[in-house]
> 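Pasting a structure below so you can have a look.
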2 protein chains.
Amino acid sequence: MSKLTPVQQKFILHWGEMGLKWGINRTVAQIHALLFISPKPLNAEQICDLLDVARSNVSTSLRELQNWKIVKVVHTMGDRRDHFESMKDAWEMFRVVLDERKMREIDPTVAMLRDCVAETEKPGAKDEYTRERLASLRDFFVTMSGWYDQVDQLPTSGIIKFVKMGDKLRKLFGGG
Amino acid sequence: MSKLTPVQQKFILHWGEMGLKWGINRTVAQIHALLFISPKPLNAEQICDLLDVARSNVSTSLRELQNWKIVKVVHTMGDRRDHFESMKDAWEMFRVVLDERKMREIDPTVAMLRDCVAETEKPGAKDEYTRERLASLRDFFVTMSGWYDQVDQLPTSGIIKFVKMGDKLRKLFGGG
DNA sequence: CTGGTATTTCAGTTTTAACAGAAACTACGA
DNA sequence: TCGTAGTTTCTGTTAAAACTGAAATACCAG
């Protein structure tokens, strides 16, 4: 890690902790941070070297990042080794991560809530109140998902415009 | 846990796993789930009993939930024991959680990115590319934070309206 | 004060996730 | 089809987080 500048170290360490708080393995997040600030794609060996983690650990972490779709393999002429590069556009990157989390976590949660509500609707069910609460939670997720699907279809430039419209929101929706 | 209906168990277990994936302790999330579907506030003893976790564990988890501001203590006449209840409105609840995460995680990240960028601007700094990347990441977070602050000021009813406007988004921002 | 009840803190244990190193596998050129 | 460079998988170890039970503390009523 001492082969990196102090600023690079600071960023990578912070990003690692950040990942942890959002349920991402620390090393995975660190490797992502490293690739994010690397001007050129790096191979696994270089990553080991820069972050002092075992080869195997780098290997699994890279696979993880590829599963998240924010890191891709690149090949260069005359070098058999895989090189890895991160997406560089933050807007795209977060969109991709949100897509993935929605698919992995939100959609199954909605399904679970539907199941639960359905079960409590069977005759003789003892959990009135539970049904009511879970139904409201389901509605929340469904509404949010629908909204996200819409936003997700916008081109990045559209999202940026939309996010920057800022104070117009108050005028349009501030009245409750 | 067997004192709960199957549906309740299913929900609580799922919510626990969900929490885990988002960096929340499993038991903390389970207790939250339990309180969320409980028609009445529960005391610590009852929670131990329903979820089979140690008294002390319940105690710290409840404190955690109070720190997140989604669980509150309630007192009832003629009972010295603390009773706990969860927020019940999903919209409010998620707003509160996002507020907290922004404060705990996003704001410090922006500060860190500012620091890093400032350092790389010092004369003789060796990390041109790093500066460029971190500056763009900082801009992303700043823009998103600003937007969130706006949304956050809307009353819940305004947020719901806003989220439900759905397909109008395409027309307004779809052109890039 | 004193005794009883409720809650929190803390030290030690258990459980889970992360990790390293070795072995296995893969792809490819000679 | 052998050798080599590269990558992944697997197994045992280590480190971190979660958890328990006991002890300490707080709170209140008499």
Side-chain angles (χ1 to χ4, degrees), chain A residues 1 12-13 15-35 41-68 71-85 104-105, chain B residues 1 12-35 40-68 71-85 104-105:
Chain A
M1 189 108 186
I12 291 169
L13 290 174
W15 203 246
E17 296 312 308
M18 188 77 169
L20 215 55
K21 294 192 182 149
W22 291 85
I24 307 288
N25 174 288
R26 181 189 277 123
T27 305
V28 170
Q30 286 183 354
I31 292 178
H32 174 241
L34 174 64
L35 293 176
L42 301 176
N43 64 48
E45 206 63 53
Q46 295 172 308
I47 297 172
C48 292
D49 208 46
L50 290 167
L51 300 182
D52 302 312
V53 294
R55 191 53 238 287
S56 55
N57 197 2
V58 169
S59 178
T60 43
S61 298
L62 283 169
R63 170 154 306 276
E64 183 77 7
L65 287 166
Q66 286 170 278
N67 291 341
W68 279 104
V71 163
K72 299 250 179 290
V73 187
V74 203
H75 287 105
T76 46
M77 276 301 182
D79 191 342
R80 272 176 56 195
R81 291 170 299 182
D82 290 350
H83 286 65
F84 301 87
E85 74 182 353
R104 295 187 192 187
E105 295 148 22
Chain B
M1 188 107 188
I12 290 169
L13 290 174
H14 184 104
W15 203 245
E17 296 311 309
M18 188 77 169
L20 215 55
K21 294 195 182 147
W22 290 86
I24 307 287
N25 175 289
R26 182 189 276 123
T27 306
V28 170
Q30 287 183 353
I31 293 178
H32 174 241
L34 174 63
L35 292 176
K40 306 214 162 281
L42 301 176
N43 65 46
E45 206 63 54
Q46 294 172 308
I47 297 172
C48 292
D49 208 46
L50 290 167
L51 299 182
D52 302 312
V53 293
R55 188 56 237 285
S56 54
N57 198 1
V58 169
S59 178
T60 42
S61 297
L62 284 169
R63 170 154 308 276
E64 183 77 8
L65 287 166
Q66 286 170 278
N67 290 341
W68 279 105
V71 162
K72 299 250 178 290
V73 187
V74 202
H75 287 105
T76 46
M77 276 302 184
D79 191 342
R80 272 176 53 196
R81 290 170 301 181
D82 290 349
H83 286 65
F84 300 87
E85 75 181 353
R104 294 187 192 187
E105 294 147 23

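Each chain gets a letter, A, B and so on, in the order the sequences are listed, and its residues count up from 1. In what follows, every heavy atom counts, from backbone to side chain, and hydrogens, waters and symmetry copies are set aside.
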> For B:R26, what residues pass the side-chain hydrogen bond (donor to acceptor under 3.5 Å, both in side chains) criterion, not counting sequence neighbours?
B:E17
> Ignoring backbone atoms, establish whether A:R63 has a side-chain N or O less than 4.0 Å from OP1 or OP2 of D:dT8.
yes
> So, using side-chain hydrogen bond (donor to acceptor under 3.5 Å, both in side chains) as the criterion, who are the partners of B:D82 when residues are at least two apart?
B:H75
> With sequence neighbours excluded, what pairs up with B:R63 under the salt bridge (Lys or Arg N to Asp or Glu O under 4.0 Å) test?
none
> What is the ring orientation for B:W22 with A:W22, classed by angle as parallel under 30°, tilted 30 to 60°, or perpendicular over 60°?
perpendicular
> Earliest and latest nucleotide of DNA chain C, 5' to 3', sitting under 4.0 Å from a non-hydrogen atom of chain A?
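First and last nucleotides in contact are C:dA18 to C:dA27.
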> Distance-only check: which donor-acceptor pairs under 3.5 Å involve side-chain atoms of residues 48-58 of chain B, not counting sequence neighbours?
unit_1	atom_1	unit_2	atom_2	d
B:D49	OD1	B:K3	NZ	3.3
B:D49	OD2	B:K3	NZ	3.4
B:D52	OD2	B:M1	N	2.8

> The criterion is side chain to side chain contact (heavy atoms under 4.5 Å, CB included); which residues satisfy it with B:N43, sequence neighbours excluded?
B:E45, B:Q46, B:R81, B:H83
> By side-chain hydrogen bond (donor to acceptor under 3.5 Å, both in side chains), which residues pair with B:R80, not counting sequence neighbours?
none
> Can you name the residues that form a salt bridge (Lys or Arg N to Asp or Glu O under 4.0 Å) with A:E85, not counting sequence neighbours?
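Residues passing salt bridge (Lys or Arg N to Asp or Glu O under 4.0 Å) with A:E85: none at all.
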> I need a per-nucleotide contact map over nucleotides 13-30 of chain D, read 5' to 3'. Cutoff is protein heavy atoms under 4.0 Å; write B for the base, S for backbone only, - otherwise.
-----SSBB-----B---
> With a non-hydrogen cut-off below 4.0 angstrom, is B:N43 in contact with a base, only sugar-phosphate, or nothing?
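If one applies the 4.0 Å heavy-atom cut-off, B:N43 turns out to touch nothing in the nucleic acid.
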> What integer distance in Å separates A:F84:CZ from D:dT8:C1'?
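Whole-Å distance recorded here is 11 Å.
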> Could you tell me the separation between the CG atom of A:L42 and the P atom of D:dG6, rounded to a whole number of Å?
15 Å
